[in-house]
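See structure below.
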Amino acid sequence: MRLAIESSNSCYLYVINSEIYTNGTFGKPFLIFPALAEEDSRVQSGLLVDIPDQAEELPYFVINPKKDNYSGELLTIILSPKPLTNLKTDSDGKMKTLETLSDLKELRNDFER
C-alpha cells in the first residue's frame with residue numbers, strides 16, 4: 001500500500017493508522033506520518049507527499065495483521081493549518097495520547113487555538 005497526498009494549501013499533515021477487527025473494535029493507533037510526533041509535518045501547497053517516500057528501501061507498506069479477527073485498516077488523514085501539539089508517540093510510532101481513535105476529538109482543541 002502507498003499513499004500520495006497533495007494539499008491546495010500549505011498545512012501540517014498527519015496520517016494515523018489503526019487495524020479494524022471483525023467485532024467492530026480498533027487496534028492501537030499508529031502515527032505513520034510524520035514518523036514521530038516531534039517531527040515537522042509541514043507540507044507545501046501543490047507538492048505531492050508520497051507515504052512512504054519513493055526513496056525508501058521498501059517504498060510501500062506491507063500489511064501484516066496482528067490478530068485473527070483482523071478485517072482491515074482505518075487511515076485517518078488530518079490536514080491542519082497549525083501543528084498539532086497534543087500528539088505524542090513512543091519509539092515504535094504507537095500513539096501515547098490516543099487510546100482509541102475516538103480520542104481524536106481531544107485534538108480538536110489544537111484547531112481552536
Side-chain angles (χ1 to χ4, degrees):
M1 178 181 78
R2 294 192 67 241
L3 300 172
I5 299 172
E6 179 181 2
S7 175
S8 58
N9 297 312
S10 293
C11 62
Y12 294 85
L13 172 65
Y14 302 89
V15 180
I16 300 168
N17 181 54
S18 185
E19 289 186 341
I20 303 171
Y21 303 119
T22 56
N23 64 1
T25 61
F26 299 97
K28 182 82 172 165
F30 280 83
L31 184 66
I32 60 173
F33 187 89
L36 297 172
E38 297 78 27
E39 291 180 5
D40 187 8
S41 67
R42 187 178 353 203
V43 296
Q44 298 300 314
S45 66
L47 294 180
L48 199 61
V49 177
D50 291 317
I51 305 170
D53 191 291
Q54 290 185 29
E56 296 276 334
E57 184 177 333
L58 291 176
Y60 53 85
F61 293 109
V62 177
I63 297 174
N64 293 317
K66 294 174 183 54
K67 293 188 177 183
D68 291 338
N69 64 342
Y70 172 85
S71 69
E73 302 286 325
L74 175 67
L75 293 174
T76 303
I77 299 170
I78 300 170
L79 298 169
S80 172
K82 299 184 235 176
L84 300 180
T85 57
N86 290 342
L87 291 179
K88 304 288 184 241
T89 57
D90 65 16
S91 60
D92 294 327
K94 283 185 185 175
M95 304 291 297
K96 288 181 171 181
T97 50
L98 297 179
E99 284 303 313
T100 66
L101 289 176
S102 63
D103 291 341
L104 283 171
K105 294 177 197 170
E106 296 298 319
L107 296 177
R108 294 181 72 189
N109 293 334
D110 283 339
F111 293 112
E112 296 167 0
R113 287 186 206 145

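If you're wondering where the values come from, they're calculated on a predicted model, not measured in any experiment.
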Point to revise | Derivation and outcome, side-chain contact (heavy atoms from CB on, under 4.5 Å), residues V43 and I5 | key: CA-CA 10 Å; V43 296; I5 299 172; over 6 Å; no
Does atom CG of D68 have more than 12 heavy-atom neighbours from other groups under 6.0 Å away? no
In this structure, CD1 of I78 is separated from CD1 of I16 (nearest 0.5 Å) by 4.5 Å
Checklist entry - Given E38 and T89, is the side-chain contact (heavy atoms from CB on, under 4.5 Å) satisfied, shown in steps? => result CA-CA 8 Å; E38 297 78 27; T89 57; 4.3 Å; yes
In terms of heavy-atom contacts, C11 and S80 come closest through CB-O, 3.3 Å
Heavy-atom closest pair (R2 atom, P52 atom, distance to 0.1 Å) is NH2-O, 3.5 Å
Here the gap from N9 atom CG to L79 atom CG, rounded to the nearest 0.5 Å, amounts to 9.5 Å
Original post:
Are the side chain of S41 and the backbone N or O of P34 linked by a donor-acceptor pair below 3.5 Å?
Top reply: no
For Y21 and F26 the tightest heavy-atom approach is CE1-C, 3.6 Å
Tightest non-hydrogen contact, residues S45 and S8, listed as CB-O, 3.3 Å
One should read off an interatomic distance between L13 CG and D40 CG, to the nearest 0.5 angstrom, of 11.0 Å
When rounded to the nearest 0.5 Å, the distance separating CD of E39 from CG of L31 is 8.5 Å
OG1 (T22) and OH (Y70) are apart, to the nearest 0.5 Å, by 12.0 Å
L84 and Y14 have their tightest heavy-atom pair at N-OH, 2.9 Å
Taking every heavy atom of S18 against every heavy atom of G27, the minimum-distance pair comes out as OG-O, 2.6 Å
Given the options V49, L75, D50, L3 meets side chain to side chain contact (heavy atoms under 4.5 Å, CB included) only with L75
